[in-house]
Amino acid sequence: MDNGESSTNNSSRPWESYNTVFTNAKAGMEGVDKEKVQRIVYELSKGSKYFQNEERKETLMKQKIEHMHDRSAKLSSSDLSNYQKVVDRRILELEATRDLSRIWLHVDMDAFYAAVETLSNPSLGGKPMAVGGLSMISTANYEARKFGVRAAMPGFIARKLCPDLIFVPVDFTKYTHYSELARKVFRNYDPQFIAGSLDEAYLDITEVCRERGLSGGEIAEELRSSVYSETGLTCSAGVAANRLLAKVCSDINKPNGQFILQNDRSTVMTFISSLPIRKIGGIGKVTEHILKDALGIKTCEDMVQKGSLLYALFSQSSADFFLSVGLGLGETDTPQARSRKSISCERTFSATEDEKLLYSKLAEIAEMLSDDMKKEGLIARTLTLKLKTATFEIRSRAVSLKRYTCSSEDILKHATKLLKAELPVSVRLIGLRMSQFSDEIRHSDPSQETITKFIVQKDFSRQNLDDNKIDASKNCLSNDESMSLSFDTHETSYDQLKDVLENEEQSQLDANKVPPNQECTRKEERPQVLEGDALLIKHKEYKPDTSHSMNDNSSAQNSEPVTLFLPIEPLFWIDGYKCNLCGIELPPSFVEERQEHSDFHLAQRLQNEESGSSSSTTPTSKRRILGKEKANSKPKKQKQSEKDDATCHLVLYYPHTISFQERTPEEMKMALNLIPPKLNLSPSNSLGEPKSLPSMSDILTSSRARNLDLKIQTLGPFFRVTGKNADTGGEIGRAEGVVRPWFGQGLVLHLDTIRLTKETMKMDKSVLGVGLYVGAVAIRHGYDCGCRTAQLLAIYDSDLYHSKLVRFYRRIGFEEVKEVSGSLIGDMADMLVWGGVGTRMDANIHHLLLKWSKVFLKSNV
DNA sequence: ATACATACC
DNA sequence: TACTGGTATGTAT
């Protein structure tokens, strides 16, 4: 913004147009003569190669802003109102994920490196000091910050700002030591805390607060004083309902302070409303300027206000992020420890064109990188060369190798080729990075993300079928070209992995100084990543029934890690119309059907992973989708489930891997009630809701009387209802599904799973009880979401259960619509969605609720 | 898959 | 004497 506005008068004060990050409001920067700092930075920088490059980048940024501004100006009001509908819908969905039940604490050590240096050399106390050198400063203490000296500032500029500045070289060994001391304290409050870096961490203190009956603020006080007594270092803390907010909060009363944001929606909204967007992690200098200058978005509140612009001009994921920021939402769960995705090494030197010199620098870096990889026990197959030219332009060149490697010879060989192609060039930095590690399981994380995105976005795009601006195809797994490409890759990478693992043992016998434990290191690595596989972990979590049985994938030091994880087979259309997984033929014009179809395969795969029998994926799905062999084809999985789980899977075809947010029915209802009237798309509601219909809380109250503990969780259009025994906490039933548009019927409540434990199935009374209640919550949820119809498929897997199921659903109020046998063309839609044959049963939601109202309202009295 | 940009500490 | 190094991720092609 500075540049935009000051461009009018920068002839008199040219430094004002030099857009540096060094004058951003930052802790310890209050009372700094910003203009002086800006002037000095400018004086020392102007005309330099660095400066010129900054100007170049700034020009590009302004073009970007201009372009975005133009695009926003060209949007018609009908465009905007369409996007507003998208925004309204997303607000609804995002709001439903709000979780105010967790308490997150973000700790941030104050001027960490500098404070550690002062600790080991107390004579530095009270004097302006910076950790780093004349070329770059890592951290400055608060005395130095008074002069405008700060992290990421070159030392020679800092010295100009503060001639008495003391420079202390960085010493990571020291910082790591103190970091570990602090982390020991963190562990007492959250053993699973998330380390952001050496000097900061996120702690989920929900449990500590509850157990000890203390507030977040009290815990923060105690933690900070404990950190101080253990390390002699001060830190600041922020406490809030999610990590994003906690991080913002920890910065507010820095240094040696804390800020607590109450877990209350209106408090959060007030807090967020005036918050400058730059305070949000992930929004940096460029994004700030783009949003501000092109769209006039300054505060987080503006993100919601101008949501339609955001969805019109940015990718959906970006717009979603911005919108959720505007709503004060952030991560509330503890993610699985993530494994690194790349390793790199780079060095700056005085710029040179000398090829011999450059090659020798390259060799040094290759050597260092290789050493680091060996230390970490990593092998990778993508090599990226990074060059910073004498003019500060960054170039990167990458190759993917046929084999995984960590050897300096391999790295150097390929890096040299890459460098050679760039010569002649004057270079001031060379870097090498290796990525695409051989950790096979790594694939499941991104794919899981893709699935979630895919499904959510598919739904999103359906709301805009007439709107070409939203490109649904790029999110669609049936995107032939790209998918077949990555299919190949997965195949080869699997083979290569085997090769590598076999060859690795050989190569270790080869003189190489690889420590003998390296193989071990890598093997240890793999189960670790395994634990990080949300697929497996989450299933356990969601399926208490299975915890006693099956192979415990996550704990074992498995002797055959490779065979456990077959590569994921992405779906693509052979010759443009034939599914590579099951052979079903669907012309490209069947866009929606194709989406459903890939949907099914993904769900199927996840389901198989859950059961641990991934090998049955294809045959099972094939048989099902082709409608052959019916009962005889009974998948192994189903038998396992019945035997091991002691559950009866009625319909089980939806991914369980989505991270749902826990909400009680009341919270759910609250969330829905928070939506402004114009956002309420429910046709039922617009007609006025008859008093006689049981409300969510009616159902809940009634269920409590029957010793049932009901919960509904949602993620966007998806939902999950669980019913537990209020005494034992054991799950006795659940329903899962999605609110989705159905061919020509508007929104329907699509029940993908209703599962009751076997115990429940045996006792007819309980079946009706649990099933009715679980169903009622789901149905009421559908009603609240504007669905008129609920539909399900009682899958024909066994005669015994099938007839029982149909009877059960009939008693609940569903009606048999038709038998989906797979023999009729008309069955296709159902088979594509459910991936099986059975009895399609529908119910009118309004009628259901009316019919049930007696039950729930009566037991209320 | 690759190139480049952005962000964070 | 002249503006880091390591990692992750988003966007475009």
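Letters A, B, ... are given to chains in the order of the sequence lines, protein chains preceding strands, and every chain is numbered from 1.
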Closest to the 5' end of DNA chain B, once A:G282 and A:R56 are matched to their nearest nucleotides, is A:R56
Whole-Å distance, A:L134 CG to C:dC3 C1', equals 12 Å
Tell me whether the side-chain N/O atoms of A:R150 come closer than 4.0 Å to OP1 or OP2 in B:dC9. no
Between B:dA7 (P) and A:F322 (CZ): distance, integer Å: 9 Å
Hey, is the side chain of A:R428 poking within less than 4.0 Å of OP1 or OP2 on C:dT4, counting only N and O atoms? yes
What residues, two or more places apart in sequence or in another chain, satisfy ring pair (Phe, Tyr, Trp, His ring centres under 6.0 Å) together with A:F147? none
Distance, rounded to the nearest Å, where A:K279 contributes NZ and B:dA7 contributes P: 16 Å
May I ask you to evaluate whether A:K57 reaches the phosphate of B:dA5, defined as a side-chain N or O under 4.0 Å from OP1 or OP2? no
Between A:F322 and A:Y311 (judged by ring centroids, cut-off 6.0 Å), do the two rings come close enough to count as a pair? no
Nearest to side-chain heavy atoms of A:S396, which nucleotide of B:dT6, B:dC4, B:dC8: B:dC4
Assert: residue with more 5' nearest nucleotide on DNA chain C, out of A:C345 and A:L44, is A:L44
Give a yes or no on whether a donor-acceptor pair under 3.5 Å exists between the nucleobase atoms of C:dT1, that is its base, and the side chain of A:R159. yes
The nucleotide from C:dT1, C:dT7, C:dC3 with an atom nearest the side chain of A:S342 is C:dT7
Taking ring pair (Phe, Tyr, Trp, His ring centres under 6.0 Å) as the definition, give me every residue that meets it alongside A:F172, ordered by chain and number, with sequence neighbours left out. A:Y113, A:Y175
Ignoring the backbone of A:R397, work out which of B:dC4, C:dT7, B:dA1 is nearest its side chain. B:dC4
If you measure from the Lys or Arg side-chain nitrogens to the Asp or Glu carboxylate oxygens, is any gap between A:E288 and A:K285 under 4.0 Å? no
Looking across every strand, which nucleic acid part, if any, lies under 4.0 Å from A:I137 by heavy atom: base, sugar-phosphate, or nothing? nothing
Compare the minimum distances between each of B:dT2, C:dG5, B:dC4 and the side chain of A:T382, then state the nucleotide with the smallest one. B:dT2
Do other residues, nucleotides or ligands put more than 12 heavy atoms under 6.0 Å from A:K174 NZ? yes
Which of residues 169-178 of chain A sit near DNA chain C, with a heavy atom under 4.0 Å from it? none
Is DNA chain C part of any stem, that is, at least 3 consecutive Watson-Crick or G-U pairs with both distances under 3.5 Å, and where? B:1-9 with C:5-13
Looking for any heavy atom pair under 4.0 Å, which part of the strands does A:S135 touch: base, sugar-phosphate only, or nothing? sugar-phosphate
Checking all strands, does A:R433 fall into the base, sugar-phosphate, or nothing category for heavy-atom contacts under 4.0 angstrom? nothing
Tell me: CE of A:M136 to P of C:dT1, nearest whole Å? 19 Å
To the side chain of A:T287, which of C:dT7, C:dT4, B:dT6 is closest? B:dT6
Is A:K388 touching bases, backbone alone, or none of the nucleic acid, heavy atoms closer than 4.0 Å? sugar-phosphate
For atom OH of A:Y113 and atom P of B:dC9, their distance in whole Å: 11 Å
To the nearest 0.5 Å, tell me how far A:M303 CE sits from A:I297 CD1. 6.5 Å
Of the nucleotides B:dT6, C:dG6, C:dT1, which one has an atom closest to the side chain of A:S344? C:dG6
May I ask you to verify if any side-chain N or O of A:S350 is less than 4.0 angstrom from the OP1 or OP2 atom of C:dT1? no
Could you tell me which residues satisfy ring pair (Phe, Tyr, Trp, His ring centres under 6.0 Å) with A:F321, sequence neighbours excluded, listed by chain and number? none
Considering only heavy side-chain atoms of A:A152, the closest of C:dG5, B:dC9, C:dT4 is C:dT4
Regarding A:L198, tell me which of base, sugar-phosphate or nothing describes its non-hydrogen contacts under 4.0 Å with the strands shown. nothing
Is the count of non-hydrogen atoms from other residues, nucleotides or ligands lying under 6.0 Å from A:Q52 atom CD greater than 12? yes
What nucleotide, of B:dT2, C:dG6, B:dA1, holds the atom closest to the side chain of A:A398? B:dT2
Between A:F314 and A:E346, which has a closest nucleotide on DNA chain C that is more 5'? A:E346
Where is the tightest heavy-atom contact between A:M109 and A:A182, given as atom of each residue plus distance? SD-CB, 4.4 Å
Between P on C:dG6 and CE on A:M434, what's the gap in Å once rounded to a whole number? 16 Å
Need one value for A:G281: base, sugar-phosphate or nothing, where a base atom within 4.0 Å counts as base even if backbone is also close, heavy atoms only. sugar-phosphate
Heavy atoms of A:L313 and A:L295 approach each other most closely as CD1-CD2, 3.3 Å
If I take atom NE2 in residue A:H289 and atom P in nucleotide B:dA5, what distance separates them, rounded to the nearest angstrom? 18 Å
With sequence neighbours excluded, residues passing side chain to side chain donor-acceptor pair (under 3.5 Å) with A:S197: A:D199
Do the side-chain N or O atoms of A:T348 get closer than 4.0 angstrom to the phosphate oxygens (OP1, OP2) of C:dG5? yes
Contact class for A:I343 (heavy atom, under 4.0 Å): base, sugar-phosphate, or nothing? sugar-phosphate
Mind checking the P distance from C:dT4 to B:dA5? Whole angstroms is fine. 16 Å
With the side chain defined as heavy atoms from C-beta on, A:S197 is closest, among C:dT9, C:dC3, B:dC9, to B:dC9
Candidates C:dC3, C:dG5, B:dC9 - which lies nearest the side chain of A:K247: B:dC9
Reckon A:L418 touches a base, only the sugar-phosphate, or nothing at all at heavy-atom distances under 4.0 Å? nothing
Give a yes/no on whether any side-chain N or O of A:T139 is located under 4.0 angstrom from OP1 or OP2 of B:dC9. no
Checking side-chain polar atoms at under 3.5 Å, does A:D410 have a donor or acceptor matched by the opposite partner on A:T405? yes
More than 12 heavy atoms from other groups under 6.0 Å of CZ on A:R56: yes
Output the rounded distance in Å from CD (A:E54) to P (C:dA2). 17 Å
